[in-house]
Protein chains: 2
Amino acid sequence: MEQKNPIQVAGRIFDVMELLAESGSIGLMDLSGELGLNKTTAYRVLSSLIYMGYARQDEATGKYEPTLKIVDMANKIMSKVDVVQIVRPHLRKLMEATGETVHFVERDGTDAVYIDKVESFTNGIQMVSRIGSRIPLYCSGVGKAMVAQMDEWEAEEIWNSSEIVSLTPYTVTDYSEFKKELELVRQRGYALDNEENEIGVRCIACSLKDVMGKVKYAFSISAPVSRMDNDRIHELTGYVLEAGREMEEQLAGGAG
Amino acid sequence: MEQKNPIQVAGRIFDVMELLAESGSIGLMDLSGELGLNKTTAYRVLSSLIYMGYARQDEATGKYEPTLKIVDMANKIMSKVDVVQIVRPHLRKLMEATGETVHFVERDGTDAVYIDKVESFTNGIQMVSRIGSRIPLYCSGVGKAMVAQMDEWEAEEIWNSSEIVSLTPYTVTDYSEFKKELELVRQRGYALDNEENEIGVRCIACSLKDVMGKVKYAFSISAPVSRMDNDRIHELTGYVLEAGREMEEQLAGGAG
DNA sequence: AAAATTGGTTTCACAATATGAAACATAGAA
DNA sequence: TTCTATGTTTCATATTGTGAAACCAATTTT
């Protein structure tokens, strides 16, 4: 058994918040059923959330919904993530130059966490990425870009700790194949994701080192395959590498 | 006394989260001191937050920080706010046409809550608005734009329930003056904020009705006074009213 | 219209759970 | 070394959260 929450209610409270966020609007019975909570307990948790201003109850339907107080908190958190402040102008520039949506991630264990994105204007199809959401390193462009710059043992550790699943028919699930791919990434200076993570989406990614010289960040341009044939990839590569150079320089200089 | 939290720890948990968000990184002692919590209690709360993945402890310094899990939750919440999906393209268009930052708010009691913003690219000076943060109705462009379209009694109720303070020398703190201003807004179709809320910032705002025909939303273009003389305001007015018409139409049609 | 069902709200006796004083551990400063 | 400042763990205690059951108010069914 993997140790329990030092505060029982805390788990319940966040479960409720999470469910409110997920559903947008939900009734007491559905909620308590979904979470396996006693009706009264669920009610008390909701009352508490309302008391604190994180939830509200719809007058008409009696259903419960989240307020935007969490969103405010989230934005406070983001405003403190100073890497974002530094790289955003570059990401914008890259988006303008290419017309495609740009993502920026930070490594966290065997995952990458989205910490910024700049969406393309023209782009009809929107990527479903969300700031704060995660993507595994082993099957994403940004992930491969980062792992490629790590020591062999670390790459292997990440592979072994990851739960390898075929998300699409193109997902690499064999370690030796993965290693070959990494070698390619090192040669080119950027990584490609050919629908390995989500069908219909290709992306070009490049990693960045932090102040300590450790691989920590990566960014990517992603677009539907229809706009990402080999010629286009070749064309975009230049922009990506250029942006990478600029950002790396500024990140290093910022807090030497 | 105004009734207490049905779950005591809940308050403490969110106080801690809020403080983590605010400070970015904080030690146990500072935290417990700041919140008036017992050292052990603070420690337990933090342990619980870490257990759930909402906080982490810096290996090197021992200090505690928020993770991005809350941010993910916040974005889930925002993705459910469908008004945003509808109006964003219009806000973008407005930003592109004017080159100025555009805000979109929803009324909540005597406040307006920011639910979307599109920042101008060129803009050197960044507004400090945050999605989810609040601004009083009585002293903001968006607020006046909304109140102007309400019944007299509702306007008065809002005024009386608001805590009127002079945020700047230009803030209107007299009700009869406020009413005159509202009359002007009705005539023009848009509201102006001449540094009434923040010195150095002017904005043009316009309100929108929801599906039920109730005044519920508003949007604004804001910019530093240096770029907002009377000529410029006159020039921008057209864009604002145009955007307002388009959005109102689409909001009404969406779920008739 | 009466009865039954459904969802939200309140009460209350009980014990599980959060509490905080105090002791402990560790690292850096004097 | 000793002192001081932080973070961590223990443990006896009662405060706090718990959930069964009763309650209320709309709907829906009969």
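Note that the structure is a prediction, hence the values are computed from the model and not measured. Chain A is the first sequence line, chain B the second, and so forth, proteins listed ahead of strands; every chain is numbered from 1.
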Participant: Would you say B/Glu65 has more than 12 foreign heavy atoms packed within less than 6.0 Å of its CD?
Facilitator: yes

Participant: Ring-plane angle category for A/Phe219 and A/Phe104, please: parallel below 30°, perpendicular beyond 60°, tilted otherwise.
Facilitator: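 The rings of A/Phe219 and A/Phe104 lie parallel, inter-plane angle below 30°.
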
Participant: Could you check whether atom CD of B/Glu246 has more than 12 heavy atoms from other residues, nucleotides or ligands sitting under 6.0 Å from it?
Facilitator: yes

Participant: Over how many whole Å does the gap from B/Tyr51 atom OH to C/dA18 atom P extend?
Facilitator: 13 Å

Participant: Between A/Lys76 and B/Glu22, is there a salt bridge with N-O shorter than 4.0 Å?
Facilitator: yes

Participant: On DNA chain C, nearest-nucleotide positions of A/Thr61 versus B/Arg44: which is more 5'?
Facilitator: A/Thr61

Participant: Could you tell me whether the phosphate oxygens of C/dT9, OP1 or OP2, come under 4.0 Å of any side-chain nitrogen or oxygen in A/Tyr64?
Facilitator: yes

Participant: Among A/Val165, A/Ile158, A/Thr110, exactly one meets side-chain contact (heavy atoms from CB on, under 4.5 Å) together with A/Tyr138. Which residue is that?
Facilitator: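 The single option meeting the side-chain contact (heavy atoms from CB on, under 4.5 Å) with A/Tyr138 is A/Val165.
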
Participant: Listed in order of residue number, which residues of residues 7-37 of chain B have a non-hydrogen atom at under 4.0 Å from DNA chain C?
Facilitator: B/Gln8, B/Val9, B/Arg12

Participant: Do the side chains of A/Asp193 and A/Lys144 get close enough for a salt bridge, i.e. N-O under 4.0 angstrom?
Facilitator: no

Participant: For D/dT6, does OP1 or OP2 lie under 4.0 Å from any side-chain N or O of B/Gln57?
Facilitator: no

Participant: Side-chain N or O of B/Thr40 less than 4.0 angstrom from OP1 or OP2 on C/dT19?
Facilitator: no

Participant: To the nearest Å, give me how far apart OH (A/Tyr43) and C1' (D/dC24) are.
Facilitator: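 In whole Å, D/dC24 C1' and A/Tyr43 OH are 12 Å from each other.
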
Participant: Can you tell me how far C1' of D/dT18 sits from CG of A/Asn38, to the nearest Å?
Facilitator: 8 Å

Participant: Go through the N and O atoms of the side chain of A/Lys39 and the base of C/dG7, and report whether any donor-acceptor pair is under 3.5 Å.
Facilitator: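 No.
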
